[in-house]
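Structure record follows, encoded as structure tokens.
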Amino acid sequence: MLFRSIRNNTAEGNGFRTGEWLGGGIRVSLSPNVEIYGNTVRNNNNGITALYSRRDSVDTWCPGPDGQHQLKNLWVHDNIIIMPTGQTGVATNAASSLVFGSWNNRFDRNTYTIGNTAKPFEWKGDRTAAEWRSYGQDTHSTWK
């Protein structure tokens, strides 16, 4: 499986002029097989976000170069994420819940510094750090 990588970047001060979920340090949308690692993401509107949005019938007849336009096999690991506000995680407006299950989207071994946001993660809705981990996300990560 070919992975596309977003690695070894610094993203700071981004995404404040966009919608709530759109702006962030790093954002992936409708792309399969993406690996995000070695980045420092700090003081953005959101941390590292991924979005699977409904494309109606496009997914069934107009595949992208790596297959259908699906958010699957996302691997976010070994990043430093400093979020005084906002969220990190996966969101969808599609009816399918595969993005949260068999599509293998995962976060792990990241280091977080989180501000006063009560629910700084997105996974089937807004989540606390404990709820986020209960879904198997960031089980080997560090919180400061």
Side-chain angles (χ1 to χ4, degrees), residues 1-56 58-60 63-64 66-144:
M1 176 181 324
L2 173 67
F3 271 85
R4 288 178 170 58
S5 298
I6 300 171
R7 65 178 185 263
N8 304 328
N9 298 287
T10 298
E12 184 170 8
N14 297 295
F16 291 100
R17 293 186 178 170
T18 61
E20 178 180 333
W21 186 250
L22 298 177
I26 297 174
R27 179 174 174 238
V28 174
S29 182
L30 293 170
S31 297
N33 309 325
V34 176
E35 182 178 12
I36 301 172
Y37 65 94
N39 300 286
T40 299
V41 177
R42 66 176 164 246
N43 303 327
N44 298 286
N45 188 35
N46 288 301
I48 298 176
T49 61
L51 178 64
Y52 178 61
S53 58
R54 184 180 60 246
R55 292 178 61 111
D56 297 320
V58 172
D59 286 352
T60 61
D66 295 321
Q68 291 181 325
H69 296 285
Q70 297 171 332
L71 178 66
K72 62 194 235 181
N73 297 317
L74 173 69
W75 186 22
V76 180
H77 64 94
D78 298 294
N79 298 285
I80 297 169
I81 304 167
I82 301 168
M83 296 186 325
T85 63
Q87 294 180 305
T88 282
V90 174
T92 184
N93 68 358
S96 174
S97 62
L98 295 173
V99 70
F100 302 113
S102 63
W103 282 2
N104 193 35
N105 295 309
R106 62 212 187 276
F107 292 68
D108 205 10
R109 299 189 323 248
N110 297 296
T111 300
Y112 292 95
T113 302
I114 296 173
N116 295 326
T117 304
K119 295 188 175 186
F121 297 96
E122 174 73 25
W123 189 267
K124 298 182 183 181
D126 298 340
R127 302 292 173 199
T128 65
E131 291 169 326
W132 172 251
R133 287 190 305 266
S134 75
Y135 284 105
Q137 301 302 328
D138 280 311
T139 58
H140 302 98
S141 293
T142 303
W143 277 261
K144 294 183 176 184

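Along the sequence shown, the residues carry numbers beginning at 1.
Interatomic distance, D108 CG to N79 CG, rounded to the nearest 0.5 Å: 11.0 Å. Summarising the geometry, atom CZ belonging to R133 is positioned 9.0 Å from atom OG belonging to S141; distances are rounded to the nearest 0.5 Å. Atom CG of L98 and atom CG of N105 lie 10.0 Å apart (nearest 0.5 Å). How far CD1 of I82 is from CG of N43: 6.5 Å, rounded to the nearest 0.5 Å. Within the model, atoms OG1 of T88 and CG of N46 stand 7.0 Å from one another, a figure rounded to the nearest 0.5 Å. Taken from CG in N14 to CZ in R27, the straight-line distance is 13.0 Å, to the nearest 0.5 Å.
Between R127 and E122 there is no side-chain heavy-atom pair separated by less than 4.5 Å. Annotation: side chain of W75 is not in contact with side chain of V34 (no heavy-atom distance under 4.5 Å). Considering only heavy atoms from C-beta on, N73 stays 4.5 Å or farther from P32 through its side chain.
Every residue meeting the salt bridge (Lys or Arg N to Asp or Glu O under 4.0 Å) condition with R42, not counting sequence neighbours, appears here in chain and number order: E12. For the salt bridge (Lys or Arg N to Asp or Glu O under 4.0 Å) test, residues two or more places apart in sequence or in another chain that qualify with D78 are R109.
A side-chain hydrogen bond (donor to acceptor under 3.5 Å, both in side chains) with E35 is found for exactly one of R4, R7, H77, namely H77. Checked options I36, N33, V99; the residue passing with L74 is I36 (criterion: side chain to side chain contact (heavy atoms under 4.5 Å, CB included)). The ring-ring contact (aromatic ring centres under 6.0 Å, His included) with W132 is formed by just one residue from the set F121, W143, F100; it is F121.
A side-chain donor-acceptor contact under 3.5 Å links D138 and Y112.
When every heavy atom of P120 is checked against every heavy atom of T128, the shortest pair comes out as CD-CA, 4.3 Å. Contact detail for A11 and G25: the closest heavy-atom pair is CB-O, 3.5 Å. The minimum heavy-atom distance between N45 and F16, with the atom names listed, is N-CZ, 3.3 Å. Summarising the geometry of Q87 relative to M83, their closest heavy-atom pair is C-SD, 3.6 Å, with the distance given to 0.1 Å. Here the shortest heavy-atom pairing between T117 and I114 reads O-CG2, 4.4 Å.
For the pair N9 (side chain) and N39 (backbone), a donor-acceptor distance under 3.5 Å is absent. With hydrogens and angles ignored, the 3.5 Å screen pairs a side-chain donor or acceptor of T92 with a backbone N or O of Y52.
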Quiz item: Going through the distances and angles, do I6 and I48 end up as a side chain to side chain contact (heavy atoms under 4.5 Å, CB included)?
Solution: CA-CA 11 Å; I6 300 171; I48 298 176; over 6 Å; no
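Counting non-hydrogen atoms of other residues, nucleotides and ligands closer than 6.0 Å to CG of N116 gives a total of 12 or fewer.
Ring pair W123/F107: centre-to-centre distance not below 6.0 Å.
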